[in-house]
Amino acid sequence: MVKPLLKIQRYFRRKPVRFLLLILFYLFAGSLVFLHSGFIGNGGPGARVGRDPVVAAETSLSVTPGPGITSRVFKETRRSTRRYSPPWMKSTRRERQETKGQGGYYTSNWSRALKGRTTKDMDTGKVKYIGCYVDDTQKRALKGISFFDYKRMTVFRCQDNCAERGYMYAGLEFGAECYCGHKIQAPSASESECNMECKGEKSNLCGGANRLSIYRLELGQESARRYGSSIFKGCFHRPDNVMLALPFSAVIQNMSVDKCVDMCTGKEKSLAVLAGDRCYCGFPTPLFSLHELEDEDMCAHHCQGQEFENCGNDEYFVVYQTQVQDKRCLDRHFLPTHAKQLVALASFPGAGNTWARHLIELATGFYTGSYYFDGSLYNKGFIGERDNWRNGKTICIKTHENGRKEIEVFDSSILLIRNPYKALMAEFNRKYGGHVGFASRAHWTGKEWPEFVKAYAPWWASHTLDWLEYGRNVHVVHFEHLKRDLFSQLKGMVQFLGLKVSEERLLCVEGQKDGNFKRSGFRKLEHDPYTPEMKANISSLIRTVDTALKKRNKSGVPEEYMPR
């Protein structure tokens, strides 16, 4: 061993320049490794933040979602650390690695999980097989959007894409083509003619040559029924003063939905209203609020130009929402003067806080703030996200915090509560799939989900209990009530914030209530992820929260919170 070392020593004595270059190369390589590890540790792309993140200053922000709730990392001024979640919640390196990039491969994992499902499996409360229908390239049976995949097409994939866009029907053809529509505009065919296997699942049939296997999609209330680019709003009774409520109108020969929608789009109106051969255009107003929905049979009068469509009549109007944006509620600003009181918009993660902020900003015209900083929200238009939450320049401040110290810094609060079964699943999807993504099937069936429920379910209860106990002037809003009766619930929130209610602005909000952070309401798990033990534990927590609400003269939790 000594001889080789002596030879190396003599070599570098004779070649000092080479020895110097070797040392420089070694130092350079070590510097690169050090810089790389430092970059990853300081919140660079792909980094994950620890359990007790340090809150950022207003400049030089590098934003990443933390393991529990939104976190932020900084490179400049430091403030005191905050607890973003209960003390029993601990993140692991494996958790942080597994959350990285999950949103990208959700679809492929989901498609693989659905292989082997049969047509019979689709006949559930959400989907019903209608039958085999004739299709013609010159006159399509389903005239909505379409897409093709000659390698991986499946029945569920087609249904999901159509439902996500609000269509009532999904049809598959040639084993690889998917068509969506709101009406079937073709005659039926023999079942034997829909005989081609799906390219992505041999166990199911996906139509045939010029034949469609069609499914009816039973969309939830939150899903929009579409007609091309417009949204079907329903059947409504003629307003008392129709010319004042809908100021522009014209008689159209061979009336059809497309003709009326095109005309109102050209007039830059958000509503296209069909009344026989007359088309009205306008915006929702107190004179025509679209709140009193009539039975669709009252509008079942076929259009002259399209026998498969309904055009209403002189007394009952068919209403569609065009793609024209109602701009009456889009202006938003910081408060003109610093607020003397801080109002919290408090919720458990996954309870719809971001959606509530979107509604409040549109309804009031003022930005909402945040106890945290989330770059993705800031980039989506939540400008108040970057403002210091103590500045008093925003109408209310988002927070997921609980605990006496964190709560008592606010003078009043809107407490948003959601069904824990839905809230836990929403937060689990956000944690592993991003704001509008989904956790993969592997996460739902692996150990991540049970561990998540064990840690987060008690937090759902303690969050509400803490705000009820330590919060001053608490206004409780249930997420489910807000969805079902947005106008009155949002009106109450605006009044609680001390602002004058603008009904026209609230009607404008109803037309664009979803915002940029809404998951598909149709893409559901195939199984109930909650075990009997989980349900028993969560039910006990629900009863505790219900008792606490009623004790403080608040309305108890909705009945739907309890598992069926």
Side-chain angles (χ1 to χ4, degrees), residues 107-220 223-229 232 257-258 296 302 306-310 441 520-527:
T107 303
S108 59
N109 272 274
W110 191 274
S111 297
R112 287 196 297 272
L114 290 165
K115 274 196 170 185
R117 289 179 62 181
T118 63
T119 302
K120 186 177 180 180
D121 294 332
M122 304 301 176
D123 293 331
T124 65
K126 283 288 183 183
V127 181
K128 183 175 179 61
Y129 177 69
I130 300 298
C132 184
Y133 285 79
V134 175
D135 195 30
D136 188 335
T137 56
Q138 301 301 317
K139 190 178 181 181
R140 290 291 182 188
L142 298 175
K143 295 186 176 181
I145 66 162
S146 62
F147 74 98
F148 311 144
D149 191 333
Y150 291 95
K151 290 185 178 180
R152 296 182 299 274
M153 179 61 74
T154 66
V155 171
F156 182 80
R157 186 179 176 198
C158 177
Q159 292 171 348
D160 189 37
N161 276 273
C162 293
E164 192 168 358
R165 290 159 178 80
Y167 288 101
M168 296 293 289
Y169 295 96
L172 296 106
E173 186 173 339
F174 282 113
E177 301 176 4
C178 176
Y179 296 89
C180 309
H182 70 292
K183 285 185 180 296
I184 303 173
Q185 305 185 40
S188 61
S190 171
E191 286 297 319
S192 61
E193 296 178 46
C194 288
N195 52 16
M196 297 184 69
E197 293 181 337
C198 302
K199 297 296 183 181
E201 51 180 355
K202 302 300 182 182
S203 60
N204 261 335
L205 297 178
C206 287
N210 294 320
R211 296 294 183 268
L212 280 169
S213 297
I214 296 183
Y215 297 84
R216 179 180 173 84
L217 312 174
E218 298 294 339
L219 304 178
S223 300
R225 284 169 52 185
R226 294 185 179 273
Y227 184 93
S229 60
F232 175 73
V257 174
D258 280 340
E296 287 186 36
H302 295 308
Q306 179 55 264
E307 61 176 319
F308 294 101
E309 299 170 358
N310 290 331
R441 183 176 178 80
S520 163
F522 187 79
R523 187 177 294 175
K524 306 290 186 183
L525 284 176
E526 294 180 276
H527 67 285

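Index from 1, following the sequence.
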Approximate separation, where rounding is to 0.5 Å, of E201 CD and C206 SG: 6.0 Å
Minimum-distance pair of heavy atoms, taken over all atoms of A170 and C158: CB-SG, 4.0 Å
Any donor-acceptor pair under 3.5 Å from N195 side chain to S192 backbone: yes
Under 3.5 Å: donor-acceptor pair, side chain of S146, backbone of Y179: no
SG-SG under 2.5 Å, C162 vs C178: no
Partners meeting salt bridge (charged side-chain N to carboxylate O under 4.0 Å, His left out) with E197 (sequence neighbours left out): none
Point-to-point distance, once rounded to the nearest 0.5 Å, from CG of D160 to CG of L217: 9.5 Å
Non-hydrogen atoms of G171 and L142 that approach each other most closely: N-CD1, 3.6 Å
Any R216 side-chain heavy atom under 4.5 Å of M168 side chain: yes
Backbone of C132 reached by a side-chain donor or acceptor of E191 within 3.5 Å: yes
4.5 Å side-chain heavy-atom contact, L212 and C194: no
Minimum heavy-atom distance V155-L172, with the two atoms named: CA-CD2, 4.1 Å
V134 to A186 - nearest heavy-atom pair and separation: O-CB, 3.2 Å
Residue pair Q138 / D136: nearest heavy atoms and the distance that separates them: N-OD1, 2.9 Å
Spatial distance of atom CG (L205) from atom CZ (R211) [nearest 0.5 Å]: 15.0 Å
F232 versus E296, closest heavy-atom pair with distance: CE2-OE2, 3.6 Å
Qualifying residue for side-chain contact (heavy atoms from CB on, under 4.5 Å) with M153, from F147, F174, F148: F147
All salt bridge (charged side-chain N to carboxylate O under 4.0 Å, His left out) counterparts of D149, not counting sequence neighbours: R152, R157
Beyond-backbone contact of V257 with Q306, side-chain heavy atoms, under 4.5 angstrom: no
